[in-house]
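What follows is a short report on a single structure.
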Amino acid sequence: MQILLELNFKQRNSTRLVILIFGLLAFIAFKDSTKGCLFLGAALALMFRNPTYVYAFGTTVKRDIIMNLFIMLMERKQWTIARIFQERVKKQPKKPCFIMDDRSLSFQWIENYTNKVGAYFKAQGLKHGDCVALIMETRPEYVCLWLGLSKIGVVTALINSNLRRDTLLHSIKVAKANIIIVGTELSKALEEIYDEVDIKTLPIYQFSDEEQRDNDNFKLFKGAVDLTAALELQPIEDLSADIAACSTKDKLLFVYTSGTTGLPKAAVINNLRYLFMASGIHHMLSLNAGDIIYTALPLYHTAGGIVGVGNALIHGCTIVMRKKFSASNFWKDCIKYNCTVAQYIGELCRYLLSTSPKPEDTQHRLRLMYGNGLRPQIWSQFVSRFNIPNIGEVYGSTEGNSNLANVANQVGAVGFVPLIARYFYPVQIIKCDEETGEPIRNANGYCQRCSPGETGLLVGKVNPKRAVTAFNGYADREASEKKLLRNVFRSEDIFFNSGDMVVVDILGYFYFKDRTGDTFRWRGENVATQEVEANITNVIGLKDCVVYGVDIPYVEGKAGMAAIVDPDRKVDMQHLSAGVRGSLPAYARPLFIRLMNDIPRTATFKLKKIELSREAFDIRRIKDPIYYLNKDGIYRFLSEEQFEDILQGKAGL
Ligand SMILES: *[C@@H]1O[C@H](CO)[C@@H](O)[C@H](O)[C@H]1NC(C)=O
Ligand SMILES: *[C@@H]1O[C@H](CO)[C@@H](O)[C@H](O)[C@H]1NC(C)=O
Ligand SMILES: CC(=O)N[C@H]1CO[C@H](CO)[C@@H](O)[C@@H]1O
């Protein structure tokens, strides 16, 4: 039954298909009653008037059955990602697995290298259940390191390479890492925090590529092991026995999300969950082993590291990586590497659109781009200018337990659940207080589903028995508990609270509304407002401060803005600028500062963020002083001219 419910439709508006499903459901529900048969009969009669639906139904059903069977089979056999990869290597040893710059590494090469990694760290004393913090920028070895470690049952914490100081330290600490692997390009960031007691005793292994080693200034972190050299000397060992000792429920990765509150949290990704996320998207989007997928997204997030890279590890596609996204090289790369599929996030699409038109815009062979956050405002323009036949807009949070994909090219939607299946589908939208994101409960204490057009909170049912929706939660148990809602529709049921506000239209398409007040997205990263608030409060000497996201015309996500209670206007902006630079990664630094006499609060003493967010930085209306983070990193009064530029999308944001 679940298989039916997770169908994804090729057709828009496929009411008849929905009727058929309803018929089948009814048939299953009242298996031996004549009612069910009548329903099914009626549905089939409706369907056969238009054979397209039968066809669509046939193909999607096959695809979904294949995906579910595959996952079930892997679970039965207890095949981990490393084990599945071994099979891939046998099938296609010579095929390129990862390509970056001028390096093309075959499946066999990756297998050999990961066997070295596993064998080396086993010899270093790491064992099943240990954790390694990986702090490194994109390169094929990034994946090889975690894959190799997973062969001996070691879990890798994929640390966001933008983090500095406190958040970096926090991320290493919550993972309870036993050792740290650092790329030479980030050894400075590690140096800044290395005197902290919590990590001072951890062994460090430093990885460097050829270019870094050839550099005259190359030096190892104090006391670090030269990992590149060590791996060169390490013989390849057969780790089949170690791999066989691992199970699909074993933790594979910690992927950090800023979740909806506080500091980054480590979401636990076990082998099965990785398999589900990667395989789910692979099948929903009808990718195949022949696809060459271009990704310029960071490998420490779900998008690049799981639903991108997983296509190679599990399904045998080739992944073309790029260290940092570059708008001027995007299409050139796609052409050069003969890519058929590319990944995006909303920002990336906008950067691409803002380049001046060139012939290569349409010379690529991409048949599909998939990702998250393509804005409805630019969707059509993007698709027509770059001639992209298909867009797959995918919704799914790292720590969440539900995936949605809009495979129907429906402009602006993040996913689709047939209306009739809404009551059974694990994803639900419940009524909530738009200010606080708190679910609204009725007199009996239960939550209520939203009607089409009504904004609500996206929640996913947690059923520990099923791999597909099993919530693995965070490394830290308390954080997990906070994300769960209990007694939602009936007593004792459990739902995962995504913290995302969505709206569903009458056809069953989901659209993103707004994150609830605790986080916002900027430059493709989630910014946790409490963390920014804490740091600013520290810098300015314990004045009250609230941080929220504000909309900027023509720009995805929300820019950070901080309102500080400072009736005497005493805040030293030079000092604040330096403090913000020193303690927050670039994407988390508020773009605007507003000094206020007092901050409005709700009756329950919650700060009125939504109201502040609506007022934003409109200097024509707001009397309070507003400062703007200039390109040189200093906060200065927001000038009329800058304000105009921002409104017209000319501020280079
Ligand atoms: C992988 O290792 C095997 C055996 O050690 C070796 O014969 C083979 O050439 C290696 N392949 C690659 C692509 O490195
Ligand atoms: C690109 O792929 C197509 C088919 O997928 C193939 O015919 C063509 O030769 C490839 N070009 C290059 C440069 O690899
Ligand atoms: C420099 C500074 O104030 N850092 C703080 C940033 O926020 C975290 C979380 O609240 C604090 O632990 C740091 O001390």
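Whatever order the structure lists them in is the order used to number ligands and atoms, beginning at 1. Along the sequence shown, residues are numbered consecutively beginning with 1.
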Next item on the list: Please could you name the atoms of ligand 1 that Ile236 approaches to less than 4.0 Å, counting only its heavy atoms?
Entry: 2 (O), 5 (O)
Next item on the list: Examine the side chains of Lys151 and Asn115 and answer whether a donor and an acceptor come within less than 3.5 Å of each other.
Entry: yes
Note to self: Distance under 4.0 Å to a non-hydrogen atom of Gln108: what atoms of ligand 1 satisfy this?
What the structure shows: 11 (N)
Item checked: Sub-6.0 Å ring centroid separation between Phe254 and Trp146 -> no
Next item on the list: Return a yes/no value: protein heavy atom under 4.0 Å from atom 5 (O) of ligand 1?
Entry: yes
Notebook entry, point to check: Does the protein put any heavy atom within less than 4.0 Å of atom 2 (O) of ligand 1?
Noted result: yes
Notebook entry, point to check: Can you tell me which residue and heavy atom of the protein come closest to atom 14 (O) of ligand 1, and the distance to 0.1 Å?
Noted result: Asn112 ND2, 3.1 Å
Item checked: Whether Ser150 side chain and Gly153 backbone form a donor-acceptor pair below 3.5 Å -> no
Item checked: Within the 6.0 Å centroid threshold, strictly below: Phe107 and Phe85 -> yes
Notebook entry, point to check: Is a salt bridge present between Lys336 and Asp102, judged by a nitrogen-to-oxygen distance below 4.0 Å?
Noted result: yes
